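The structure appears right after this line, and notes come after that.
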Amino acid sequence: MEQQIKAILLANFESTFQCAIDEKMIQFQLTRKEFEGDITLVVFPFSKLMKSSPIDAANKIGELLKDKIAEIESFNVVQGFLNIVIAPSYWLKELSEINQDERFGFETANSKATIMVEYSSPNTNKPLHLGHLRNNFLGYAVAEIYKANGHKVVKTQIINDRGIHICKSMLAWERFSPVNAQGERETPTNTGLKGDKLVGKYYVEFDKNLNVEAKEVIAKWDKQAFDGFSENAVAEYKKFTAAKEDKDEKAIATLDDKIKELAKNETALMKDVKQMLVQWEARDPQTIELWKMMNSWVYDGFGVTYEKMQVDFDTLYYESDTYLLGKNVVEEGLKSGVLFKKEDNSVWIDLTAEGLDEKLLLRGDGTSVYMTQDLGTAIERFKEFPDMEGMVYTVGNEQDYHFKVLFLILKKMGYSWAESCYHLSYGMVDLPSGKMKSREGTVVDADDLIDEVVEKAKEMTNERGHLEGMSEAEKESLFKLIGLGGLKYYLLKVDPKKRMMFNPEESIELTGNTGPFIQYAHARIHSLVTRAESIGSFEGANLGAEEKEIIKLLSQYPAVIQEAAKELSPALIANFVYELVKAFNHFYQSVPIHIEENLANKNLRLIICINVGKVINSGMSLLGIDVPEKM
RNA sequence: GGCCCCGUAGCUCAGCUGGAUAGAGCAACUGCCUUCUAAGCAGUAGGUCACACGUUCGAAUCGUGUCGGGGUCACCA
């Protein structure tokens, strides 16, 4: 309808009012509830042009539109706002179109280019936590939203499975794991621990021991015992110690931290880990075997968590395969002159013209950095999927700068697709107690949280649910659906870009703006609709204010899906579904449905129910949330 | 310090391509289940949209500055 009005205005304005208008001047909004009308045209921009008062201009434009568009029943003018009343027949037609469209709001599947969505991308020595939940739910939802917009989607993650930090847990396990009666060190099998948790435990163990050793090193240094330490470290230590003179407490603490870092690097443990990394890079069979074994434990553990989270991936990348990629890209860049070399042979790109700084792409010794690998991986992926049009990286906003630089480099190197690479940058999840910090043990574990939320859903559902006739298995899956749905909704309803507060109590609430609130509405609708024996035509039905309100909302759904893809924001879907449910609950409470005597009216209401249910189901599925038929 | 993000009700968040009297939920208080699922609905109360200036017929929304919070500025990933 808005498109139609716009077209009419553009086509007729000049001939009618003798002045030209710009498309941007045509602004619509939904008519506010207190006025009569459906859509409102803002006439201030025109009144100036037409050299008449806003009210006068609005009346003239209103006449023009009413004359040209049959569905416009009437209009009224309040200040500079032209409120347009659209005929009931238009809304009823709108509803029957929605009703006939099984995939209402969705573009034809696979009608658009492939988009790759990367999310999760965990580090293999830390179990997944609350931050990963936001990441995974966001990434999964954005992938679904792209699909709804007609794109083919490849969901992927890159697993950070190599580097010194991985060797830490390997070494710690070899060195510190107790040995049982059978002569075995701890394994997921003999301890019953989830693999990722076991490996995570040894990563922590490494850190503990490293700290102990580092303290010993510092104690030696403080006694001026410098034998066996690298000259560099000793010199730095002396420099930092000297710098502590006359400094305030804070500055001293900073210096002490630096000394600690130095000392860590001088411990035997650190040297052994570095040695292990060298062995890994040399493909030493024993090291590789250990690495593979421990990684497989982690993947098993992660697999369980992903299953619980109900997220999945179409393809996986491992850093151990990709970390050497990008070096040849650097070569090309050097040839084309985009990159340059410094005296020490290191390779850089100069981004100062873009307001950024110089960025290193290859170390002097020829080894690559993170950026090198990311460049290589991106290019590789576009080769692998030739019909791919863009990529979305779901990564926390602390890496905003990194991605800005990455996309810029790709662009400078002439990859046109760099324009359609996006960083789905999301804010940190805070706890009421403040930031999550692994060192302070305030990290919320993903498995524990999901279990907790499902347990709570079970309690609440047993208390107030409608579970008659459900088997135990059906009940269990309902508890999961409600618990997980609540958690996902809680994390997705907030604008991804923003840092958010995670309140454990609120996350399992079921009243107000929550997942279960929406799920409940769906269950109600289902029971209502299944009760109807047959639903016929609503020809001749009376369109009341409640009915119209809902049809209007429903008709916005396609635009919301498009907007959500454009903004990379599942929150838009969540908020839309919430608005729809609120409007529906009002409708449900104020209008009789089965008791309605007029058959056409009853049918109209039932068909509205069916389509609200359909859109709830559809919208929630875009968020990765299931809705129940009973609860 | 440079750059980036954020600041809306007691709390958690919408609204931000400028538009009418700034909206929800939670928490508090009042009502509504012998008609369809009360995990619901209706209502009361709660605001200097951090602050200042500017642009505009019109600013929570755009610009500049100030204050406050966070992030980032590694030959780490």
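Note on naming: letters A, B, ... go to the chains in the order of the sequence lines (proteins, then strands), and numbering restarts at 1 for each one. All figures in this text were calculated on a predicted structure; none of them were measured in a lab.
Ring to ring, A/Phe407 and A/His423 are not that close: their centroids are 6.0 angstrom or more apart. In summary, the aromatic rings of A/Tyr393 and A/Phe403 are positioned with their centroids under 6.0 Å apart.
An anti base is found at B/rC62: its glycosidic angle is more than 90° from 0.
Between A/Phe81 and A/Phe44, the ring planes are perpendicular. Angles over 60° get that label, and only those under 30° would be called parallel. Between A/His526 and A/His522, the ring-plane angle classifies as parallel under the 30° and 60° cut-offs.
Between A/Arg605 and A/Glu546 there is no salt bridge, since none of the side-chain N atoms of the basic residue sits less than 4.0 Å from a carboxylate O of the acidic one.
Contact between A/Gly80 and A/Val43 at its shortest, heavy atoms only, is O-CG2, 2.6 Å.
Where pairing requires Watson-Crick or G-U contacts shorter than 3.5 Å, the helical stems of RNA chain B with at least three consecutive pairs are B:1-7 with B:67-73, B:10-13 with B:23-26, B:28-32 with B:40-44, B:50-54 with B:62-66.
Not one side-chain nitrogen or oxygen of A/Lys498 sits closer than 4.0 Å to the OP1 or OP2 atom of B/rG70. For A/Ser346, no side-chain nitrogen or oxygen approaches OP1 or OP2 of B/rC75 to under 4.0 Å.
Of the two residues contacting RNA chain B, namely A/Leu356 and A/Lys630, the nearest-nucleotide position lying further toward the 5' end is that of A/Leu356. Residue order along RNA chain B, read from the 5' end via each residue's closest nucleotide, puts A/Leu478 first among A/Leu478 and A/His586.
Contact annotation for A/Gln399: base contact, defined as any heavy-atom pair under 4.0 Å involving a base atom. Heavy atoms of A/Ser425 sit nowhere under 4.0 angstrom from any nucleic acid atom. Contact annotation for A/Met500: backbone-only contact, meaning every heavy-atom pair under 4.0 Å involves sugar-phosphate atoms and none involves a base. At the heavy-atom level, A/Asp495 lies under 4.0 Å from the strands shown only through sugar-phosphate atoms. Base engagement by A/Glu629 is indicated by at least one non-hydrogen atom pair under 4.0 Å involving a base atom.
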Every protein N/O lying under 3.5 Å from an N/O of nucleotides 17-26 of chain B:
unit_1, atom_1, unit_2, atom_2, d
B/rG19, O2', A/Gln29, NE2, 3.4
B/rG19, N7, A/Gln27, OE1, 3.4
B/rA20, N6, A/Thr40, OG1, 3.1
B/rA20, N6, A/Asn83, OD1, 3.3
B/rG23, OP1, A/Arg32, NH2, 3.2
B/rA24, O2', A/Tyr578, OH, 2.7
B/rA24, O2', A/Lys582, NZ, 3.4
B/rG25, O2', A/Asn513, N, 3.3

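The listed nucleotides are B/rA77, B/rC41, B/rU37; the one nearest the side chain of A/Glu319 is B/rA77. Distances were taken from every side-chain heavy atom of A/Tyr588 (C-beta onward) to each of B/rC75, B/rA38, B/rC41; the shortest belongs to B/rA38. Distance from the side chain of A/Ala523 is smallest to B/rU37 among B/rG40, B/rU37, B/rC4. Here the nucleotide nearest the side chain of A/His594, chosen from B/rA77, B/rC36, B/rC41, is B/rC36.
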Compile the donor-acceptor pairs under 3.5 Å between side chains in residues 460-468 of chain A and protein atoms, sequence neighbours left out, one pair per line.
unit_1, atom_1, unit_2, atom_2, d
A/Thr461, OG1, A/Ala457, O, 2.6
A/Asn462, ND2, A/Lys458, O, 3.3
A/His466, ND1, A/Met631, O, 2.8

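For B/rA39 and B/rC26, the P atoms lie 13 Å apart once the distance is rounded to whole Å.
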